[in-house]
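Only heavy atoms go into these numbers, but all of them, side chains included; no hydrogens, no water, no symmetry mates. Numbers here are sequence positions counted from 1.
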Amino acid sequence: MFSGDDASYMARALRLAERGLLTTAPNPRVGCVLVRDGVVVGEGWHERAGLPHAEINALQQAGSQAAGATAYVTLEPCCHQGRTPPCTDALIAAGVTRVVAAMEDPNSQVAGQGLAALQSAGIDATAGVLADAAEQLNAGFVLRMRQGRPWVRCKLAMSVDGRTAMASGESRWITAAAARADVQQLRARSDAIMTGIGTLLADDPSLNVRIDGMDESYRQPLRVILDSRLRTPPDAKLLDLPGETLIVTGAVDADNEARLTRTGIRIVTLPTQDGQLDLPAVLQYLGTLQINEVHLEAGATLCGALLQAGLLDELVIYMAPHLMGNAAHGLFALPGLEQMSQRIKLSITDVRAVGDDWRITAKIEK
């Protein structure tokens, strides 16, 4: 059904889509390549939410050469009016004769209707080339469209013996500068950076993106604090940094809310279970805010609770070449795991050196 050339051009479109890694949220990252008679006549990617989609940018570059071309798009072209007009209309008007999408759009406003609209106009429109790679690029958007919650990526730093802090609580710095800089890239691609109140009280983190030379137009990810009893101190460092902070609590405390009320801080009260926040409800709420990817940096209790609730999707573990001893803190609090049959299985997708440390990326098998 699809040729080697189809795969090659789609791979090029995926590389284009990656250029929008930090800027397209809440929209997906999309690339488009227009090919006529074996020659690329136009290409483009979705650069920022609210700006033209990848197909429009590629069509503008191709001009009249788009007539009779094949469009390779990493996601099914939209067929509804959003902040920009339907891409299907533009492709039809340009005279494109074939459209190859990597995958169908999971958004219920599209979901096959874009391809159907193109087919009704006489265009050969299909999907399925490099679909897995396309879905991986937009894992958060896809999960939010399908399940209503964002993709949760948990970042951890540990020693070779799996420890995250000394028995005293001291944890700075487990990894070296190169690994810490690499973490900033993970933060930058995320829509929200989340932690728990325990980490906030212990470390007073910034939870922001710090990359030299970053464009001033870059919007900091939403900082999310899970604080069931609303213990966030008013002088916490992150509350006065640029960007927005969301405090999710289960307590109704007018006095504490008043102390925390200032520009850029939102407080929302969500359900609790046994005094702890209902974690599925938290993630569903973040989904309503159009959060695609959550970057989690938290302690063993919150990380373990999310893992046992089936709400962690990916682990990124930075392993430093040293030992911290059996009294030091571990990665996860996982009460109840007592037998080999209860193990939580991981699928390692990438291992690579980052300076003196190693980065291990793994998905949670569900």
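- Remark: the backbone N or O of Ala251 is paired with a side-chain donor or acceptor of Thr249 at under 3.5 angstrom.
- Between the side chain of Gln284 and the main chain of Pro280, no donor-acceptor pair closer than 3.5 Å is present.
- Rounded to the nearest 0.5 Å, atoms CD (Gln220) and CD1 (Ile193) are 7.0 Å apart.
- Atom NE2 of His322 is separated from atom CZ of Arg163 by 12.5 Å, given to the nearest 0.5 angstrom.
- Across all their heavy atoms, Ile174 and Thr164 have their closest contact at CD1-O, 2.8 Å.
- Counting only distance, with no hydrogens or angles, the side chain of Gln184 and the backbone of Ile211 share no donor-acceptor pair below 3.5 Å.
- Looking only at side-chain heavy atoms (C-beta outward), Leu238 and Ile225 come within less than 4.5 Å of each other.
- Side-chain contact between Leu75 and Met103 is present, with heavy atoms from C-beta onward closer than 4.5 Å.
- With Thr23 contributing its side chain and Glu47 its backbone, the two residues share a donor-acceptor pair below 3.5 Å.
- Annotation: side chain of Trp45 is not in contact with side chain of Glu18 (no heavy-atom distance under 4.5 Å).
- Ring planes of His46 and His53: perpendicular class, angle over 60° (limits at 30 and 60°).
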Under the side-chain contact (heavy atoms from CB on, under 4.5 Å) criterion, do Glu55 and Val99 qualify, and how do the steps go?
CA-CA 11 Å; Glu55 299 94 318; Val99 173; over 6 Å; no

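- In Arg343, the CZ atom is not crowded: 12 or fewer heavy atoms of neighbouring residues, nucleotides or ligands sit closer than 6.0 Å.
- Side-chain N or O atoms of Thr349 include one that pairs as donor or acceptor with a backbone N or O of Thr361 at under 3.5 Å.
- Annotation for Lys366: atom NZ counts as buried by contact number, over 12 foreign heavy atoms lying within 6.0 Å.
- By the neighbour-count criterion of 12 heavy atoms within 6.0 Å, atom CG of Asn326 is sparsely surrounded, having that number or fewer from other residues, nucleotides or ligands.
- Shortest non-hydrogen contact noted between Gly304 and Phe332 is N-CD2, 3.7 Å.
- Looking at Thr97 and Asp124, their side chains never come closer than 4.5 Å, going by heavy atoms from C-beta outward.
- When every heavy atom of Ala102 is checked against every heavy atom of Ala131, the shortest pair comes out as O-CB, 3.3 Å.
- Nearest heavy atom pair, residue Pro234 against residue Leu260, reads CA-CD2, 3.8 Å.
- Judged purely by atom type and a 3.5 angstrom limit, Asp204 has no side-chain atom pairing as donor or acceptor with the backbone of Ala236.
- A donor-acceptor pair is defined here as one N or O able to donate and one able to accept, closer than 3.5 Å; no such pair exists between the side chain of Asp203 and the backbone of Pro205.
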Does Arg266 form a side-chain contact (heavy atoms from CB on, under 4.5 Å) with Leu222? I'd like the steps, not just the answer.
CA-CA 10 Å; Arg266 286 183 285 165; Leu222 175 69; 3.7 Å; yes

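- Residues Pro77 and Leu91 are in side-chain contact: their nearest non-hydrogen atoms beyond the backbone lie under 4.5 Å apart.
- Considering every non-hydrogen atom in both Asp227 and Arg231, the closest pair reads OD2-N, 2.7 Å.
- The two residues Leu115 and Ala127 come nearest to each other via the heavy atoms CD1-CB, 3.9 Å.
- Between the side chains of Asp161 and Ser159, at least one donor-acceptor pair of N or O atoms lies under 3.5 Å.
- Side-chain contact between Leu286 and Leu246 is present, with at least one heavy-atom pair separated by less than 4.5 Å.
- Side-chain atoms of Asp191 and Leu289, non-hydrogen and from C-beta on, never get closer than 4.5 Å to each other.
- Contact annotation: the side chain of Ile317 approaches that of Met158 to within less than 4.5 Å [non-hydrogen atoms, C-beta and beyond].
- The backbone N or O of Trp173 sits nowhere less than 3.5 Å from a side-chain atom of Arg180 that would complete a donor-acceptor pair.
- The residues Asp253 and Arg229 are annotated as not salt-bridged, no charged nitrogen and carboxylate oxygen being separated by less than 4.0 angstrom.
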Worked check of side-chain contact (heavy atoms from CB on, under 4.5 Å) between Leu302 and Leu296:
CA-CA 9 Å; Leu302 179 55; Leu296 176 68; 4.1 Å; yes

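- Using a distance-only test at 3.5 Å, with no hydrogens or angles considered, no donor-acceptor pair links the side chain of Asp278 to the main chain of Pro271.
- Applying the side chain to side chain donor-acceptor pair (under 3.5 Å) test to pairs two or more places apart or on separate chains, those with a residue in residues 291-303 are Arg29-Glu293, Arg144-Asn292, Arg153-Glu293, Arg187-Glu297, Arg189-Glu293, His295-Glu297.
- Looking at Arg352 and Asp182, no side-chain N of the basic residue comes within less than 4.0 Å of a carboxylate O on the acidic one, giving no salt bridge.
- Counting heavy atoms of neighbouring residues, nucleotides and ligands inside a 6.0 Å radius, atom CG of Asp356 does not exceed 12 of them.
- Counting heavy-atom neighbours within 6.0 Å of Gln147 CD, excluding the residue itself, gives a total above 12.
- Under a cut-off of 6.0 angstrom, the local environment of CG in Leu201 is crowded, with over 12 non-hydrogen atoms contributed by other residues, nucleotides or ligands.
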